[in-house]
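To keep things clear, I will list the structure first and then write my remarks on it.
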Amino acid sequence: MEAMAEHSQETRVTGESGADKIQERLQRRHQARAEDAERKKEAKESRSVAEENSEYFSSTFNAERASIEELLSSCSGADRAVVTQTLEEATVKTLQLQKFLNDSMLFLTQYDLRRAQDALQKLLTSSADIREEALPKKKFAFRARSKATDKVSAPPVTDTPAVTDSTKVDVVAPAESVQCCFSNMDNVCVIKTAEEIHKQDVLLTHLTNCKVRLFGSPSTLHMTHIDNCEILCGPVSSSVFVDHCRNSTLAIPCQQLRTHNTTDTQVYLHITSRAIVEDCRGVGFAPFTFSYPTLDEDFIVSGLDRDRNNWSQVDDFNWLAAGTPSPNWTVIPEADRKTNWEL
């Protein structure tokens with residue numbers, strides 16, 4: 001009898017335990033279903049919000065784009081003053097539209113993002129074409145300030161000294177391609193506006209103790225025989241070539257930089273590829289820190305990626321020892337970097 005009672009008790013305990021396990025499994029299953037339903041609900045709501053945001057972006061972006069296109073079309077047949085004012089207004093609106101796109105990237109599909117970027121590029125191209133046609137540049141015109149004189153006349157392009165180093169011919173632009181030239185200057189301050197150097201090939205040669213300020217986005221920049229100068233430039237859409245530069249400071253954003261025969265020079269750089277040095281020594285690199293009011297606009301015009309800067313990735317063609325840093329260039333210590341620039 002006692003054994004039967006114990007067996008009956010074990011059976012009840014086992015039954016109760018089994019029932020508890022079943023109940024626990026049911027509760028877990030119910031909880032999992034509830035969590036799955038909640039995730040699906042959240043995903044649906046998220047998709048709904050994304051769709052609403054996408055629709056809002058598309059309608060707002062397209063309306064603003066149409067407004068800018070209408071502004072640009074109004075330049076046809078207008079006088080110079082009206083075109084200048086209209087292009088300035090269109091540029092401001094385009095910058096605002098670019099910011100709106102940047103702020104909306106998180107919820108945009110890759111397809112919508114590419115379409116918007118293409119539309120922005122078309123607006124910039126249209127603006128540039130209208131500016132090129134309606135506001136022709138004055139070739140070789142410039143403003144210069146000197147400690148000794150108030151005005152400095154630009155020398156004729158034909159007087160620009162020829163480069164004698166035949167091994168570095170890639171550094172200097174061919175004469176027929178140079179659209180803006182400064183040469184044979186000593187102790188002057190040279191200034192170019194964005195309108196004057198837009199998509200131009202700029203040549204600086206035989207400058208000593210000069211300060212050069214290039215506000216805008218040139219196509220290329222060539223510097224040769226630069227001594228004790230400070231040269232600050234806006235975003236260069238393609239390449240910068242430097243040859244025979246010494247004791248100078250350069251601040252340049254560009255796609256490509258090639259530096260030859262340069263000594264004791266600091267380069268504040270924004271570059272989307274890799275910088276190249278050859279036959280150089282004492283060259284220091286730091287990130288680009290120069291700023292001026294229309295820098296953001298000029299970055300857009302240049303097409304350079306503002307978020308991609310390989311300023312410290314430098315290839316020395318005279319130093320091929322893998323794994324050992326080149327002694328010909330260094331990174332400028334943060335404490336020694338220049339942050340305040342005179343405009």
Side-chain angles (χ1 to χ4, degrees), residues 42-76 78 82-135 194-195 197-200 215-220 234-239 252-256 270-273 287-288 291-311:
E42 291 177 354
K44 183 178 180 180
E45 291 176 350
S46 178
R47 284 196 300 272
S48 177
V49 170
E51 289 172 359
E52 290 178 1
N53 286 338
S54 181
E55 290 176 3
Y56 171 75
F57 170 82
S58 295
S59 60
T60 305
F61 184 91
N62 290 333
E64 191 60 24
R65 181 186 62 180
S67 173
I68 297 171
E69 289 173 344
E70 185 177 352
L71 269 177
L72 295 177
S73 65
S74 69
C75 292
S76 179
V82 172
V83 171
T84 300
Q85 183 177 354
T86 302
L87 285 177
E88 289 179 357
E89 183 179 353
T91 298
V92 171
K93 284 180 172 289
T94 304
L95 288 173
Q96 292 172 343
L97 194 57
Q98 176 70 69
K99 185 178 185 304
F100 178 57
L101 173 59
N102 293 342
D103 294 341
S104 305
M105 283 183 177
L106 290 177
F107 58 80
L108 290 178
T109 64
Q110 287 297 315
Y111 174 74
D112 289 337
L113 180 58
R114 284 196 299 272
R115 287 187 61 188
Q117 289 173 334
D118 289 344
L120 270 173
Q121 187 58 50
K122 288 180 181 178
L123 290 175
L124 290 170
T125 301
S126 296
S127 296
D129 290 344
I130 292 171
R131 188 182 298 274
E132 191 84 16
E133 181 179 353
L135 306 174
E195 180 180 336
I197 65 171
H198 177 69
K199 291 187 176 180
Q200 303 289 304
F215 301 109
S217 178
S219 177
T220 61
V236 180
S237 59
S238 57
S239 301
I252 313 163
C254 59
Q255 183 183 82
Q256 180 188 30
H270 183 107
I271 186 168
T272 56
S273 58
F288 180 77
S291 183
Y292 56 91
T294 60
L295 179 63
D296 291 338
E297 174 187 341
D298 293 334
F299 257 102
I300 293 176
V301 171
S302 71
L304 297 180
D305 185 348
R306 190 73 180 268
D307 298 323
R308 181 182 178 187
N309 187 4
N310 302 323
W311 65 272

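Numbering starts at 1 and runs along the sequence shown. Worth knowing before you read on, the calculation uses all heavy atoms, side chains too, and leaves out hydrogens, waters and symmetry mates.
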So, does [X] use its side chain to make a donor-acceptor pair with the main chain of [Y] at under 3.5 Å?
X	Y	answer
Thr294	Glu297	no
Ser217	Pro235	yes
Ser58	Glu55	no
His270	Asp305	yes
Ser273	Gln255	yes
Thr272	Arg308	no
Ser76	Ser73	no

Check your understanding: What is the ring orientation for Phe57 with Phe100, classed by angle as parallel under 30°, tilted 30 to 60°, or perpendicular over 60°?
Key -> parallel
How many angstroms lie between atom [atom1] of [X] and atom [atom2] of [Y], to the nearest 0.5 angstrom?
X	Y	atom1	atom2	result
Ser67	Leu97	OG	CG	10.0 Å
Lys199	Ser238	NZ	OG	11.5 Å
Glu64	Thr60	CD	OG1	9.0 Å
Thr109	Arg115	OG1	CZ	9.0 Å
Thr94	Leu71	OG1	CG	9.0 Å
Ile271	Ser239	CD1	OG	8.5 Å

Check your understanding: Is the closest side-chain heavy-atom distance between Leu295 and Arg306 below 4.5 Å?
Key -> yes
Exercise for review: Test Asn62 against Arg65 for side chain to side chain contact (heavy atoms under 4.5 Å, CB included), laying out the working first.
Suggested key: CA-CA 5 Å; Asn62 290 333; Arg65 181 186 62 180; 3.6 Å; yes
Point to revise | Residues which pass ring pair (Phe, Tyr, Trp, His ring centres under 6.0 Å) with Phe288, listed by chain and number, not counting sequence neighbours | key: none
Restricting to non-hydrogen atoms, name the atom on [X] and the atom on [Y] that form the minimum distance, rounded to 0.1 Å.
X	Y	value
Asp298	Tyr292	OD2-OH, 2.7 Å
Leu72	Leu123	CD1-O, 4.0 Å
Cys75	Ile130	CB-CG2, 3.9 Å
Pro253	Leu304	C-CD1, 3.9 Å
Ala78	Val82	CB-CG1, 3.8 Å
Phe61	Ala119	CE2-CB, 3.9 Å

